[in-house]
Amino acid sequence: MDEQALLGLNPNADSDFRQRALAYFEQLKISPDAWQVCAEALAQRTYSDDHVKFFCFQVLEHQVKYKYSELTTVQQQLIRETLISWLQAQMLNPQPEKTFIRNKAAQVFALLFVTEYLTKWPKFFFDILSVVDLNPRGVDLYLRILMAIDSELVDRDVVHTSEEARRNTLIKDTMREQCIPNLVESWYQILQNYQYTNSEVTCQCLEVVGAYVSWIDLSLIANDRFINMLLGHMSIEVLREEACDCLFEVVNKGMDPVDKMKLVESLCQVLRSAGFFSIDQEEDVDFLARFSKLVNGMGQSLIVSWSKLIKNGDIKNAQEALQAIETKVALMLQLLIHEDDDISSNIIGFCYDYLHILKQLTVLSDQQKANVEAIMLAVMKKLTYDEEYNFENEGEDEAMFVEYRKQLKLLLDRLAQVSPELLLASVRRVFSSTLQNWQTTRFMEVEVAIRLLYMLAEALPVSHGAHFSGDVSKASALQDMMRTLVTSGVSSYQHTSVTLEFFETVVRYEKFFTVEPQHIPCVLMAFLDHRGLRHSSAKVRSRTAYLFSRFVKSLNKQMNPFIEDILNRIQDLLELSPPENGHQSLLSSDDQLFIYETAGVLIVNSEYPAERKQALMRNLLTPLMEKFKILLEKLMLAQDEERQASLADCLNHAVGFASRTSKAFSNKQTVKQCGCSEVYLDCLQTFLPALSCPLQKDILRSGVRTFLHRMIICLEEEVLPFIPSASEHMLKDCEAKDLQEFIPLINQITAKFKIQVSPFLQQMFMPLLHAIFEVLLRPAEENDQSAALEKQMLRRSYFAFLQTVTGSGMSEVIANQGAENVERVLVTVIQGAVEYPDPIAQKTCFIILSKLMKWNVALTERETGRGKDGPVGFADFVYKHIVPACFLAPLKQTFDLADAQTVLESLFTLCKCVQYLQQEYLPSLQVAPEIIQEFCQALQQPDAKVFKNYLKVFFQRAKP
């Protein structure tokens, strides 16, 4: 072996050596006999370096996985012997191999097993067991091999082909017949031998039992000697977590519902009598988390049995199953309420399914009602934050609690389905008692009280948030709680979690304010002062900006009396913060977007006349325009690149804010109706000069382009005079990305204004195409994937542009570009349809061809009717290029015949060319006369569906 290359296997080697090692590995994988060198090195223990040993196993793994069938019988025998001799050597080694080597060896054994077990190595397990016996090192490897085999055969995360899945099923069936009882016996011997002396091997063996129990005969494990041993392990501290997991797998095994019920009940009886149900005596939370998972498994198994028995009409056994479930509820509740969230989280599945049963029962017993209430109280308690929760710097623990809260919410929703009245009454009781004394209550209790009110909105669903109409008792309870929330003064509580929950709940129940609008002023003040947008916490300010926007939008009809007051109060929050003033804004630019949108909504939806709306909108946008002009001048003079970037950022924000105000307009309230066209046209005139700024082009163009998109929607044809000069600037010094982002703007204009923009399109068509072709023809490194992807995306954008032009009824824009240019465009479309392996572009190209042909047919008919000829040369192009494209593209391997609709369209349009197809084109391809006849008849069918089905068969036959 190349000793120099092997040096690169060490993780501390420099990058050159590592590259060389990688290249060497690739070379050995291709080499037909390199695996033999590696096999010999392993068998004779040539190398002591762990990384080289691992490397040798990797080469063997590749050989077995991908090239095993190429080996002779003798060579295959050599690999088997190598692995067995390596295994024998492990019995004598003074030190065991590193874990990563043992795992890799186990993987190679497992790969060889699935390849050879059914044919050449039926005695695989007996050969391995005869080598390892009860030697602890051998047992360790034997168990690792078993886990690797289970992973190959059963692991659902590994994607298998249908052939591999069939092979795996056959292997499992053969193992069940031939060796599983012997394997189970070996596991029993290992557990018995090592349970007190080698916890690592014992835990490994328990893991193997847990893995295999899902697909072997359960009676081999679920019997007195095995279960008693597992229960014994439950009392040994170092084994009990793994024993718990193993019992969980036993309980989880699919089986007859009555047998499952008996198994779970007998297991519970033994666990209870052994004292495991007295969890308040247990201090080991890691074990309790596993035990909670086991109880969850037992509970859910009983529920599955109950469901099956009910479905089968076996009422007697179903009643027994329900009784068995009920006897576990007390333990379930103890685990659910446990202060450790992992323990509580592991039992939620059982709890959820138990409530689902209660939902199906017509009448609940007193005990069941008490259980529902107990679950409800447990959920309310467990929703509460603990003292350690870090609100300012949320890490992994906090993220886990947020996920846990989501699980509890699902329980609360399920409780609402079982007993909505009880849930409402319980939340009301907790909410009212907490808010009466909120000043002296800990933050987490105040937060959870408001949180529960918030959660009721989803737990008690209504259409369109109409919580305050319909069911009177529910409406009045929610109304009372909302009234308490907004009048209690709790919005002043000095904790971010309470403040945020207050605002979230106010917005969630915005319909309350249509019923009791007298509370709007005090809530608006909370939003606008130190409790909301001016809070000391940036997190609260940011979230409030978004919630304030939602609150104003949803209550726009009620906002009229407060509009000017709100606009005055948010004036300082609208200020554009240039980089040089050093002043830290209260809100980030993203948050300011919501404030601008809110201001726009207030103005547009007000009951003011158009003149007043215009004046208010001008007051809102004039400071932005003035700042923009000053900052643009500063940018033109700025030398330092960092300063240029921050100025460009600020300019971009200004354009973004103006764009965002326009979101307030709608079909009912257009810019024109509100008298605001002039203001936005002024904005356009202010922002467009940024396109000619040579500095920070990307960010400035991006902002102005977005603004233009908005103005095309809002100002309609009033925007058209600005488009030519804007386009001219945006086409200067273009990169692929610039063009990709510019083309959608032109597409939007073309699709919206159609014939109105025909002169503009005629004028800029070729300049745009020249810019596109120039970028596409630029040379790039052969393996530069990002450049290739950019070109592919630009090509798609180019074809999308042509599709928009032809689809908007303006094919003459292309036709009027002069014969040479027209041909160039059409050739690129043909290339897109046939040559590029890009199905999205291909589909677009066929749509373009189809549109052009329909246009040509219509125009020819019209001109012929006037005694004139059709478009010069187009018929020739159809015969020379479009017809062949329709036949060549579907024959490509990359073409999906199932999605041939666009080719069908083009071919259908070729009906007019039947004579040409029949007499010239198809004979030139050496197509048999009877097939030509058949094809032309199918093409002339009036039913497109018949032709489409025929077409698939035609091309499937013709594909090489």
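This is a predicted model, so every value here is computed, not measured. Side chains included, hydrogens not; waters and symmetry mates left out as well; all remaining heavy atoms used.
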Item to complete: Tell me, yes or no, whether the heavy-atom count around Met91 atom CE, taken from other residues, nucleotides or ligands under 6.0 Å, exceeds 12.
Response: yes

Item to complete: Assign the ring pair His62 / Tyr66 to parallel, tilted or perpendicular, where the plane angle (0 to 90°) is split at 30° and 60°.
Response: tilted

Worksheet item: Do Glu403 and Gln407 have side-chain atoms, one donor and one acceptor, less than 3.5 Å apart?
Response: no

Worksheet item: Do Phe126 and Trp121 pass the ring-ring contact (aromatic ring centres under 6.0 Å, His included) test, and can you show the C-alpha distance, the side-chain angles, and the key distance before you say yes or no?
Response: CA-CA 10 Å; Phe126 299 103; Trp121 203 355; over 10 Å; no

Practice prompt. Any chance you could lay out the side chain to side chain donor-acceptor pair (under 3.5 Å) test for Glu81 and Gln77, step after step, and finish with the verdict?
Written response: CA-CA 6 Å; Glu81 287 168 1; Gln77 179 65 24; 3.0 Å; yes

Practice prompt. Examine the side chains of Ser186 and Tyr142 and answer whether a donor and an acceptor come within less than 3.5 Å of each other.
Written response: yes

Worksheet item: Looking at side-chain heavy atoms only, is the closest gap between Asn296 and Ile348 below 4.5 Å?
Response: no

Discussion item. If we check side-chain contact (heavy atoms from CB on, under 4.5 Å) with Phe109, which of these qualifies: Leu141, Ile145, Val64?
Written reply: Ile145

Would you be so kind as to tabulate the donor-acceptor pairs closer than 3.5 Å made by side chains of residues 239-254, with sequence neighbours excluded?
| residue | atom | partner | partner atom | Å |
| --- | --- | --- | --- | --- |
| Arg240 | NH1 | Glu282 | OE1 | 3.3 |
| Arg240 | NH2 | Glu282 | OE2 | 3.0 |
| Arg240 | NH2 | Asp284 | OD2 | 3.4 |
| Glu241 | OE1 | Arg290 | NH2 | 3.4 |
| Asp245 | OD2 | Arg290 | NH1 | 2.5 |
| Lys253 | NZ | Val213 | O | 3.3 |
| Lys253 | NZ | Ser214 | O | 3.3 |
| Lys253 | NZ | Ile216 | O | 2.7 |

Worksheet item: Can we call the ring centroids of Tyr212 and Trp187 under 6.0 Å apart?
Response: yes

Worksheet item: So do the side chains of Val132 and Ile128 get within less than 4.5 Å of each other, counting heavy atoms only?
Response: yes

Practice prompt. Please confirm whether Trp35 and Tyr68 have ring centers closer than 6.0 angstrom.
Written response: no

Worksheet entry | By side-chain contact (heavy atoms from CB on, under 4.5 Å) - contacts of Glu163 (at least two apart) | Thr161, Arg166

Discussion item. Looking at Asp140 and Arg102, is any side-chain nitrogen of the basic one under 4.0 Å from a carboxylate oxygen of the acidic one?
Written reply: yes

Discussion item. Taking side-chain hydrogen bond (donor to acceptor under 3.5 Å, both in side chains) as the definition, give me every residue that meets it alongside Gln740, ordered by chain and number, with sequence neighbours left out.
Written reply: none

Worksheet item: So, Lys104 and Gln58: side-chain donor and acceptor under 3.5 Å apart, yes or no?
Response: no

Item to complete: Determine whether Arg796 and Met793 make a side-chain contact, defined as any pair of heavy atoms from C-beta on separated by less than 4.5 Å.
Response: yes

Discussion item. For Phe124 and Phe113, I'd like to know if the aromatic rings sit close, meaning centre-to-centre distance below 6.0 Å.
Written reply: yes

Worksheet item: Is the number of heavy atoms from other residues, nucleotides or ligands within 6.0 Å of CD (Glu164) greater than 12?
Response: yes

Worksheet entry | Any donor-acceptor N or O pair under 3.5 Å, side chains Glu200, Gln204 | no

Worksheet item: With a 3.5 Å cut-off and no angle check, do the side chains of Arg795 and Gln792 form a donor-acceptor pair?
Response: no

